[in-house]
Amino acid sequence: MTNSHSDALVFLGATGDLAYKQIFPALQGLIRDEGFNLPIIGVAKAGWTLDQLKDRAKASLEAHGGVDPEAFAKLTELLRYVDGDYHDSNTFAQLRRELGEAQRPLHYLAIPPSLFATVAENLAQSGCAANARIVVEKPFGRDLESARELSRTLHRFFPEENIFRIDHYLGKEPVQNILYTRFANPIFEPIWNRDHIRSVQITMAEQFGVEDRGKFYDEVGALLDVVQNHMLQVVSILTMDPPSGEECDATRDRKAELLRAVRPLTPDSVVRGQYEGYRKVPGVAPGSSVETFVAIRLHIDSWRWAGVPIFIRAGKMLPVTCTEATVEFKRPPRETFGEIVPSGSAHMCIRVNPDFSIGLGVRIKIPGERMAGRDVELDLHTQAADAMPPYERLLGDAGKGNVELFSRQDIVEAQWRIVDPVVGNVTPVYTYKPGTWGPEEARELIGADGPWTDPVMEGENR
Ligand code: BG6
């Protein structure tokens, strides 16, 4: 039974935001690209009819990538709807009836985490959890303890191999490509260590603000929204040891090992910022001290990485939308041509958003008599970001029982262990102007290991 395909897809929270932005487009994509042909049952408490849910699906697709008439027709044919309260056992009895002959349903919990325990229990009591898979969304808990509690709750009804924890960064083609590029080429591994690398920087910049997500965001903040999960996944893929063996857990084992070697954060390795105007966003508390920007310095206590600082900064209302990692190489033991070379000159830059690219920073000689050079970036490769959108890939994988691109409880706990000491108001929050690179204090954090390398967008020169 372990790897058999799911035979029905249930998504709870069918009328909500996640379904609207991600799940309907993913389902249409799966039908169009993979011939997905299973009953799809939406569950929500909205007092809606099935026709209303179909209208919502159409509106979702119009707003996110467009309606494919054939695939959409199939989607509406497969779609069913159960309307009811998540606390009411009748809702789940009705769901069980809708599931009919299905033996291996996949339940996607696109609902607030506060409902997970109730829903998991009701799924179990109604017979909907037998042999079923369950998909949950980050954040997995609010700190290490609540993450453990959530895991205990889910494990009461679902064994670990049937729990799929979505971190959509893992479903991104460019993030997969970092892993591939590192381990499918022989030239990187010999230099991928403290002997050759001076520092690593990761920037996740978003030009937009919190917009209509004020209520959610104000309970989370940048550290828990994107660093504890997406950014630490990227760190682990960039710095993990090569996986060995063919097991689907080989990569996850190496990641877990790496994350366990990261030193927990201390207040002096964190700078938090909040953009001017954030407190006026609907849903945000008037005196909120939640951060919309965070910069951190990490250390990995391993032979490979001892002494190499890893910097991450992530924020909203920054000058551009771009996620990239810059690996800075050490300079030669002496500058043969007696030049003063700017820091960051020798580097590799891997961009994962808005497209995938790899650039190699090197010096080349300026034509003329003098042995003097300048920095250039060799554009090794550029390609579009997502051949298959992350949610489509991940939903398809969950249905097939492929766990590789999902987080695992020990990885989640290792990530919490890193950020736990600085969760909440442990450090001050500094204001920054929209359209800038966060508060001045972030520059002080990187200090002599910097400066931060700001992404260079199309048409600009580094
Ligand atoms: C989500 C966060 O997990 O990731 C958002 O909640 C963030 O705040 C988003 O904007 C970024 O994802 P992507 O795929 O647009 O880089």
| query | Do E98 and Y81 have side-chain atoms, one donor and one acceptor, less than 3.5 Å apart? | reply | no

Cationic N near anionic O, under 4.0 Å, E413 to R148: yes

CD1 (I418) and CG (L298) are apart, to the nearest 0.5 Å, by 6.5 Å

dist L380:CG -> I358:CD1 (nearest 0.5 Å) comes out at 6.5 Å

When you check the gap from the basic side-chain N to the acidic O, do R417 and D420 get nearer than 4.0 Å?
no

Check your understanding: side-chain contact (heavy atoms from CB on, under 4.5 Å) between I111 and F11: does it pass, once the steps are laid out?
Key -> CA-CA 9 Å; I111 50 177; F11 63 118; over 6 Å; no

Apply side-chain contact (heavy atoms from CB on, under 4.5 Å) to residues I446 and Q201 and explain how you reach the verdict. CA-CA 10 Å; I446 200 165; Q201 288 185 26; 3.6 Å; yes

- Determine, step by step, whether Q52 and D83 satisfy the side-chain contact (heavy atoms from CB on, under 4.5 Å) criterion, reporting the C-alpha distance in whole Å, the side-chain angles of both residues, the deciding distance to 0.1 Å, and the verdict. CA-CA 11 Å; Q52 279 173 292; D83 193 273; over 6 Å; no

Q | Salt bridge D17-K21, side-chain N to carboxylate O under 4.0 Å | A | yes

Between E77 and K74, is there a side-chain N and carboxylate O pair less than 4.0 Å apart?
-> yes

What one should report as the nearest heavy-atom pair of V82 and L95 is CG2-CA, 4.1 Å

Item to complete: Look at atom NZ of K54 and say whether more than 12 heavy atoms of other residues, nucleotides or ligands are closer to it than 6.0 Å.
Response: yes

Checking H168 against E137: is there a side-chain donor and acceptor pair closer than 3.5 Å?
no

Here the pair of heavy atoms bringing M240 nearest to T251 is CE-CG2, 3.7 Å

When rounded to the nearest 0.5 Å, the distance separating CG of L259 from CD1 of I300 is 8.5 Å

For the backbone of F356 and the side chain of E173, can you confirm whether one donor and one acceptor N or O come within less than 3.5 Å of each other?
no

- Message: Can you tell whether the side chains of D7 and R104 come within less than 4.0 Å, N to carboxylate O?
- Response: no

*For atom CZ of F216, is the number of surrounding heavy atoms from other residues, nucleotides or ligands below 6.0 Å larger than 12?*
yes

Greater than 12 external heavy atoms within 6.0 Å of E101's CD: no

* If you measure from the Lys or Arg side-chain nitrogens to the Asp or Glu carboxylate oxygens, is any gap between E211 and K316 under 4.0 Å? -> no

Report task. Verify whether one side chain among T292 and Y432 offers a donor that lies under 3.5 Å from an acceptor in the other. Result -> yes

Between V271 and R313, is any pair of side-chain heavy atoms under 4.5 Å apart? no

* To do: In plain terms, say whether E404 and R252 are close enough for a salt bridge, that is, a side-chain N and a carboxylate O under 4.0 Å apart.
  => no

_Counting only heavy atoms not in E70 (residues, nucleotides, ligands), do more than 12 fall under 6.0 Å from its CD?_
no

Closest heavy-atom pair, L38 versus S6, reported as atoms and distance to 0.1 Å, is CD1-O, 3.2 Å

- prompt: Is the backbone N or O of R182 less than 3.5 Å from a side-chain atom of W192, with the two atoms forming a donor-acceptor pair by type?
  reply: no

TODO: Taking Y217 for its side chain and A222 for its backbone only, find out whether a donor-acceptor pair lies under 3.5 Å.
DONE: yes

To the nearest 0.5 Å, atom OH of Y86 lies from atom OG1 of T118 at 11.5 Å

query: Could R279 and D218 be called an ion pair, given the rule that one side-chain N must be under 4.0 Å from one carboxylate O?
result: no

task: Could you tell me whether the side chain of Q94 reaches within less than 4.5 Å of the side chain of V43, counting heavy atoms only?
output: no

For W416 and F140, indicate whether the former's side chain and the latter's backbone hold a donor-acceptor pair under 3.5 Å. yes

Does R408 form a salt bridge (Lys or Arg N to Asp or Glu O under 4.0 Å) with D253? I'd like the steps, not just the answer.
CA-CA 9 Å; R408 211 171 56 182; D253 288 346; 2.8 Å; yes

Donor-acceptor under 3.5 Å (W305 side chain, T239 main chain): yes

For residues R133 and N162, determine if any side-chain heavy atom of one lies less than 4.5 Å from a side-chain heavy atom of the other.
-> yes

**Study point:** Side chains of N425 and S289, donor plus acceptor under 3.5 Å
**Key:** yes

**Asked** If you measure from the Lys or Arg side-chain nitrogens to the Asp or Glu carboxylate oxygens, is any gap between R165 and E160 under 4.0 Å?
**Response** yes

Discussion item. If the threshold is 4.0 Å, N to carboxylate O, is there a salt bridge linking E219 and K215?
Written reply: yes

Between R272 and T427 (side chain of the first, backbone of the second, donor and acceptor by atom type, cut-off under 3.5 Å), is there such a pair?
yes

*Please walk me through it: do E257 and R260 pass salt bridge (Lys or Arg N to Asp or Glu O under 4.0 Å)?*
CA-CA 5 Å; E257 207 169 80; R260 280 197 295 269; 5.4 Å; no

* Under a 4.5 Å cut-off applied to non-hydrogen side-chain atoms, are T436 and F293 in contact? -> no

- Query: Given side chains that start at C-beta, do those of Q22 and H64 come closer than 4.5 Å, heavy atoms only?
  - Reply: no

Are side-chain heavy atoms of L115 and H87 found at a separation under 4.5 Å?
yes

Heavy atoms, side chains only, cut-off 4.5 Å: are T453 and T203 in contact?
no

Could you verify whether a donor N or O on one side chain and an acceptor N or O on the other, from S126 and R96, lie under 3.5 Å apart? no

When rounded to the nearest 0.5 Å, the distance separating NE2 of H5 from CG of L106 is 12.0 Å

CD1 of I237 to CZ of R254, rounded to nearest 0.5 Å, is 14.5 Å

Open item on the list: Less than 4.5 Å apart, side chain to side chain, heavy atoms only: is that true for V67 and E62?
Closed with: yes

| message | What verdict does the side-chain contact (heavy atoms from CB on, under 4.5 Å) test give for T76 and K58, after you've listed the backbone C-alpha separation in whole Å, the side-chain angles of each residue and the deciding distance to 0.1 Å? | response | CA-CA 9 Å; T76 53; K58 189 157 188 214; over 6 Å; no

Between M204 and T323 the two heavy atoms that sit nearest each other are CG-OG1, 3.4 Å

For W437 and P319, the nearest pair of non-hydrogen atoms, with its separation, is NE1-CG, 3.3 Å

Between V290 and V429, the two heavy atoms sitting closest are O-CG2, 4.4 Å

